[in-house]
2 protein chains.
Amino acid sequence: MLRLSKMSDYAAVVMAHIARYPEQAHAAAELSEAVGVPRPTVSKTLKMLMHAGLLQSRRGAQGGYRLTRTPIEISVSEIIEAIEGPVAMTECSQAEGECGLAATCGVADNWQRVSMAIRQFLDSVTLADLAQKTPIKMPVMLPIQSVSLASISDA
Amino acid sequence: MLRLSKMSDYAAVVMAHIARYPEQAHAAAELSEAVGVPRPTVSKTLKMLMHAGLLQSRRGAQGGYRLTRTPIEISVSEIIEAIEGPVAMTECSQAEGECGLAATCGVADNWQRVSMAIRQFLDSVTLADLAQKTPIKMPVMLPIQSVSLASISDA
DNA sequence: ACATTGAGGACCATTCTAGTCCCCATTAAA
DNA sequence: TTTAATGGGGACTAGAATGGTCCTCAATGT
Ligand code: SF4
Ligand code: SF4
C-alpha cells in the first residue's frame, strides 16, 4: 500500500510533539505518555532520530531531547529517511543495489523520475507544516502528461 | 524506504511490456521470458492485475492477456493498488482501520493531505508515460509551504 | 552520593513477502 | 473429437522484515 512503517509514523508524531515546544527538553517518558506509545518503542524511535541528526539529547536529570534545527528547517522526508532509509519507490531508485532486471525492464528510467518527484515533494513538506493544527493546503501538482506526452516521437 | 513491493514493480514492468503491443495477446510464458521473472511469479502478478480489471484474459491456444483500456487510460496508481491495495501513507489515510492514536497524535489530518497529494500525483502518471522510451518529464510541484503557510485562516 | 535520563544493543514473536506448485477449466487447432 | 496450449484458483513454504521488549551501562544535574 505504499505505506509508511509504523515506526516512521511514530517518529513523525513525536517530532511534531517536540516541535510544538522546541525550547524545552522532552524526556522519553514524557513523550511516551503524551503520544500513547509504549516507552521502549518511543525510545527506540528517538534514538534513530538522534542518529540521523534530527534530535540532540542530554542525559541525566532534566535531560531529554530537543530539535537540532527549527521545525521549518526539517522536512518530513528527513524524518522518514531517519527511520526507513532513503525514499525510493523502486530498487533502482537508490544508488546501490541495482536490480537484475534493469536491462530488460524498460521502465527503470521513468520510475526513477516518479520516485524523485515524490522525494522532492516530501522534501518540501516541513515539520512545521506537519505539526500545525490548521490543515495544510495541498500543493498544486501539474499533471505529468502535460509535459511528457507532447514530445513522443520514437518507438 | 517507502518502497514499492517487488510484485508491484513486476506488475509495472509487465504492464509496460504489454502496453507496447496492446493489440496482441500476451501469454504468461512469453512475458515471463521477456521480462526475466520466473513464470509462476509472473503468472501470479497477472492474475492480480486481472482481478483488478486492468487486464483481460483468454484461455486456450493463442490465448493470453491484453489490456482492458488503452495505456493512457491506466494510471500507475491503479497498477500499484491492484497489487498492494490503496495508496496510503499512514493507517489513518485509509477509510478502514483508524489507528488508536488518532486522538492524540495531532498530525493525522496533515498526513492525510500529504498522502492524498501523492495519490493524486500517481494518478496523473499513466502507463503510457511509464512505458515510453523517452524519459518522462517531471511534473512541477509547487512547494507545499508556498500555498499553506501563507493563507492560514480556517480552523 | 544519588536519582534521573539516555545509549547501545540483544532478543523475540508475528506478520508480510516472494516465490512455488498442483490440479482444473477453457479454448483453439489438428 | 482429440490434443495441446493456456489461464484460474488457491494452498503452501521459507525467509525476511517489522514491531516491540528488555537489560545493562554511561552521563549529568541536585
Ligand atoms: S524498474 Fe526495472 S530496474 Fe528498476 S527496480 Fe523495477 S525492474 Fe529493476
Ligand atoms: S497519523 Fe496519527 S492517526 Fe494517522 S496513523 Fe499516524 S498516528 Fe494514527
Check whether any side-chain N or O of S5(A) sits under 4.0 Å from OP1 or OP2 of dG19(D), and answer yes or no.
yes

Choose from dA7(C), dG7(D), dT20(C) the nucleotide whose nearest atom is closest to any side-chain atom of T41(B).
dT20(C)

Rounded distance (Å) that lies between atom C1' of dT18(D) and atom OH of Y10(A)
11 Å

How long is the line joining CG of L46(A) and P of dT21(D), in whole Å?
14 Å

Taking the basic N atoms (NZ, or NE/NH1/NH2) and the acidic carboxylate oxygens, is any pair closer than 4.0 Å for R113(A) and D109(A)?
yes

Against the side chain of P40(A), the closest entry in dT21(D), dG9(D), dG8(D) is dT21(D)

dT15(C) C1' sits how many Å from E91(B) CD, rounded?
14 Å

Taking the inter-plane angle between the rings of H26(B) and H17(B) on a 0 to 90° scale, is it parallel (under 30°), tilted (30 to 60°) or perpendicular (over 60°)?
perpendicular

Could you say whether A61(B) or S43(A) is positioned toward the 5' end of DNA chain C, judged by the nucleotide with the nearest heavy atom to each?
S43(A)

Starting at atom NZ of K47(B), determine the distance to atom P of dG19(C), rounded to an integer number of angstrom.
15 Å

Starting at the 5' end of DNA chain D, which residue's closest nucleotide do you reach first, G64(B) or P38(A)?
G64(B)

Between K44(B) (NZ) and dT17(C) (P), how many Å, whole number?
10 Å

Distance in angstrom units between R66(B) CZ and dT6(D) P, rounded:
13 Å

Any H51(B) side-chain nitrogen or oxygen under 4.0 Å from OP1 or OP2 of dG8(D):
no

Between dA25(C) atom C1' and R58(B) atom CZ, what is the distance in whole Å?
15 Å

Lys/Arg-Asp/Glu bridge criterion (N-O < 4.0 Å) met for R69(A), E78(A)
yes

Output the rounded distance in Å from CZ (R59(B)) to P (dA29(C)).
17 Å

Quick check on DNA chain D: between Q62(A) and S8(A), whose nearest nucleotide comes earlier from the 5' end?
S8(A)

Can you confirm whether V76(A) sits close enough to V114(B) that some side-chain heavy atom of one is under 4.5 Å from a side-chain heavy atom of the other?
no

Within a strict 4.5 Å, meaning less than it, do heavy atoms of the L55(B) and T68(B) side chains meet?
no

